[in-house]
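The structure under discussion appears below in the form of structure tokens.
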2 protein chains.
Amino acid sequence: MQKYNRAANASFFVRACFLFDRKSKVSYTHEQIECVATNFGGIGLNLRLEDYISIFIHETDLTLTSEIKKKLEPHNLAPEQNLVMMVLWESDGWTQNEIAARLNKDKTNVARMAANLADKGFLTRVPRTEDRRSLQLFLTEKGRELGEEVVPLAERFHNQVVSGITEEEQAVVRQVLQRMQRNVQ
Amino acid sequence: MQKYNRAANASFFVRACFLFDRKSKVSYTHEQIECVATNFGGIGLNLRLEDYISIFIHETDLTLTSEIKKKLEPHNLAPEQNLVMMVLWESDGWTQNEIAARLNKDKTNVARMAANLADKGFLTRVPRTEDRRSLQLFLTEKGRELGEEVVPLAERFHNQVVSGITEEEQAVVRQVLQRMQRNVQ
DNA sequence: TTCCAGAAGTTGCTACGACAACTAATTTCC
DNA sequence: GGAAATTAGTTGTCGTAGCAACTTCTGGAA
């Protein structure tokens, strides 16, 4: 539950406020920051950690992943394993490589997830007769039944995530995140 | 480099288009989707993978992380290790627990990162005299010199990420992501 | 037909992230 | 003053993510 011992947070900012100038050349509105450190170390810092939007995106991702993880745990399913299952619930019989392409994931990880899901009895891995290198993934009855519970759960989670956020805002977020991806590639 | 063997992507969509109805109750604008599967399996799917904004956020995070990872690699620094160093470049002497609070990270992972960074010679871990449980992290000369190169690199990366994105758009993204985090907690 | 390039999948390794369970040091409270 | 609770840090485990190197299989070129 507790990532760090709570007192540390207060002490961090107390010491920061004590040791450093309260004023800084930039003003910040992020509420968790109580005061702004001035850099004495000689290294020119123009940005603070709170300014890096990539850090904020990362934290958001972790928060969302951690919550869906909790909801999936009772079903013996990890978040990314769930994505493999989601593809199969749309329709099964895809090869691991096709699943990897669909999910934009590394084939090695998809292979490990598929092996794990097969161990749990949610799917079977069947070598393709026309190409014995390929493994097709088919839902077992257990895997199909799992979908009856987990698909609604996933959709409820999505609705929870976007509740109170307008379609326009969602569109802006998608477009901006897409642009960020293009910007760095 | 190549996450999956490229042919699989084409084959996924070729088969999907062949097997499934091209029309669907919902229309999508995400360009990577060529056609829309209709669900035959009996499981009621109202959302497709492309609709889950959390998946999109996750992919964005992975893309950004992977790019900064490449840029940091020549400096023998991993992305999250870099965040620990960023805190220390602001000012050093924080305990591991304080660093964890500042970065909103699990103290176990901060401990391992600190040990790793100490092995690399970028910092030293000094037990505090007043409380011998705590380890304070201090930059070594090597660690301080690293900042001279890496801080500008990180700031250039941030500018690259947000280039062509207005302040207003960034504000919307921050506000929406914040709301999503609140929505699930 | 044989050989070679490429494709599908696997194994091993490193880096996180999260959690449980642990040691050791420090506070709290009776 | 001493037992109990709390805190800082560590170790182990599992689930991703990404990369290198490998085997096996396939299909195309000579």
Side-chain angles (χ1 to χ4, degrees), chain A residues 1-9 11 58-59 61-70 72-73 76-84 94-101 103-117 119-120 125 127-137, chain B residues 1-11 58-59 61-70 72-73 76-84 94-101 103-117 119 125 127-137:
Chain A
M1 180 67 236
Q2 206 171 305
K3 296 176 115 177
Y4 46 83
N5 301 311
R6 203 166 304 148
N9 205 322
S11 109
H58 183 59
E59 287 176 357
D61 178 35
L62 292 181
T63 300
L64 298 181
T65 301
S66 144
E67 293 303 316
I68 189 62
K69 183 182 165 195
K70 283 181 204 160
L72 289 171
E73 224 143 50
N76 193 23
L77 207 52
E80 302 302 320
Q81 290 169 11
N82 181 46
L83 298 190
V84 173
W94 304 107
T95 66
Q96 293 187 174
N97 206 29
E98 286 165 342
I99 303 271
L103 295 176
N104 194 32
K105 285 192 184 302
D106 189 305
K107 62 186 173 139
T108 66
N109 298 319
V110 171
R112 280 186 261 248
M113 286 188 261
N116 195 326
L117 290 166
D119 285 347
K120 292 179 185 170
R125 310 163 85 193
R128 192 178 244 166
T129 45
E130 319 92 77
D131 183 347
R132 285 178 301 159
R133 290 172 304 179
S134 297
L135 289 178
Q136 288 178 286
L137 305 187
Chain B
M1 179 68 239
Q2 206 172 306
K3 295 177 114 178
Y4 46 83
N5 301 311
R6 205 165 302 147
N9 205 320
S11 109
H58 183 60
E59 287 175 356
D61 178 34
L62 292 181
T63 302
L64 299 180
T65 301
S66 145
E67 292 302 315
I68 189 63
K69 183 183 166 194
K70 283 180 203 160
L72 289 171
E73 223 143 50
N76 192 23
L77 208 51
E80 303 301 321
Q81 290 168 13
N82 182 45
L83 298 190
V84 173
W94 305 106
T95 66
Q96 293 187 175
N97 206 28
E98 286 165 341
I99 303 271
L103 296 176
N104 194 32
K105 285 191 185 302
D106 189 305
K107 61 187 173 139
T108 65
N109 297 319
V110 170
R112 278 187 260 251
M113 285 189 262
N116 194 328
L117 289 166
D119 285 347
R125 309 164 85 194
R128 194 179 241 169
T129 44
E130 320 92 77
D131 183 345
R132 285 177 302 158
R133 290 173 303 178
S134 297
L135 288 178
Q136 287 177 288
L137 306 187

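Here is the naming used below: chain letters follow the sequence lines, and residue numbers restart at 1 for every chain. Quick caveat, the model's predicted, so the values are computed rather than measured. The analysis underlying the following values was restricted to heavy atoms, covering all of them including side chains, and did not include hydrogens, waters or symmetry mates.
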### Query
So, does the side chain of B:Arg133 form a donor-acceptor pair with the base of C:dA24 at under 3.5 Å?
no
### Task
Using the test side chain to side chain donor-acceptor pair (under 3.5 Å), find all partners of A:Lys69 that sit at least two apart in sequence or belong to another chain.
none
### Summary
Here the distance between atom P of C:dG9 and atom CD of A:Gln136, to the nearest Å, is 10 Å
## Note on the structure
CZ of A:Arg128 to CG of A:Leu135, rounded to nearest 0.5 Å, is 10.0 Å
### Message
From CG of A:Asp131 over to C1' of C:dG9, roughly how many Å is that when rounded to an integer?
### Response
11 Å
Just the atom pairs and distances: protein N or O near nucleotides 15-18 of chain C's N or O, under 3.5 Å.
{"residue": "C:dC16", "atom": "OP1", "partner": "B:Glu80", "partner atom": "N", "Å": "3.0"}
{"residue": "C:dC16", "atom": "OP2", "partner": "B:Gln81", "partner atom": "NE2", "Å": "2.9"}
{"residue": "C:dG17", "atom": "OP1", "partner": "A:His58", "partner atom": "NE2", "Å": "2.8"}
{"residue": "C:dG17", "atom": "OP1", "partner": "B:Lys105", "partner atom": "NZ", "Å": "3.2"}
{"residue": "C:dG17", "atom": "OP2", "partner": "B:Lys105", "partner atom": "NZ", "Å": "3.2"}
{"residue": "C:dG17", "atom": "N7", "partner": "B:Asn109", "partner atom": "OD1", "Å": "3.2"}
{"residue": "C:dA18", "atom": "OP2", "partner": "A:Lys3", "partner atom": "NZ", "Å": "3.4"}
{"residue": "C:dA18", "atom": "N7", "partner": "B:Asn109", "partner atom": "ND2", "Å": "3.4"}
{"residue": "C:dA18", "atom": "N6", "partner": "B:Arg112", "partner atom": "NH2", "Å": "3.3"}

### Query
Could you give the CD-to-P distance, from B:Glu130 to C:dT27, as a whole number of Å?
10 Å
### Query
Can you find a side chain N or O atom of A:Arg125 that sits less than 4.0 Å from OP1 or OP2 on C:dT10?
yes
### Message
Within this structure, what is the CD-CG distance for the pair A:Glu59 and A:Leu64, rounded to the nearest 0.5 Å?
### Response
12.0 Å
#### Entry: Spacing of A:Arg128 atom CZ relative to C:dA7 atom P, expressed in whole Å
16 Å
### Task
Give every residue pair that meets the salt bridge (charged side-chain N to carboxylate O under 4.0 Å, His left out) criterion with at least one member in residues 105-115 of chain B, sequence neighbours excluded.
B:Glu80-B:Lys105
## Note on the structure
From CG of B:Asp119 across to C1' of C:dT14 the rounded distance in Å is 14 Å
### Message
Show the nearest heavy-atom pair for residues B:Ser134 and B:Thr95, with the distance to one decimal.
### Response
CB-CG2, 3.8 Å
### Query
What's the CG-C1' distance between A:Leu117 and D:dT16, to the nearest Å?
13 Å
### Separation of D:dA17 P from B:Glu59 CD (nearest whole Å)
10 Å
### Query
If you round to the nearest 0.5 Å, how far is CG of A:Leu77 from CE of A:Met113?
11.0 Å
### Message
One thing to verify: whether B:Glu73 and B:Lys70 come together as a salt bridge, which I'm taking to mean a side-chain N less than 4.0 angstrom from a carboxylate O.
### Response
no
## Note on the structure
Per nearest nucleotide of DNA chain D, the residue lying toward the 5' end, A:Thr129 or B:Leu135, is B:Leu135
### Query
A:Asn76 has an atom CG; how far is it from atom P of D:dC14, in whole Å?
13 Å
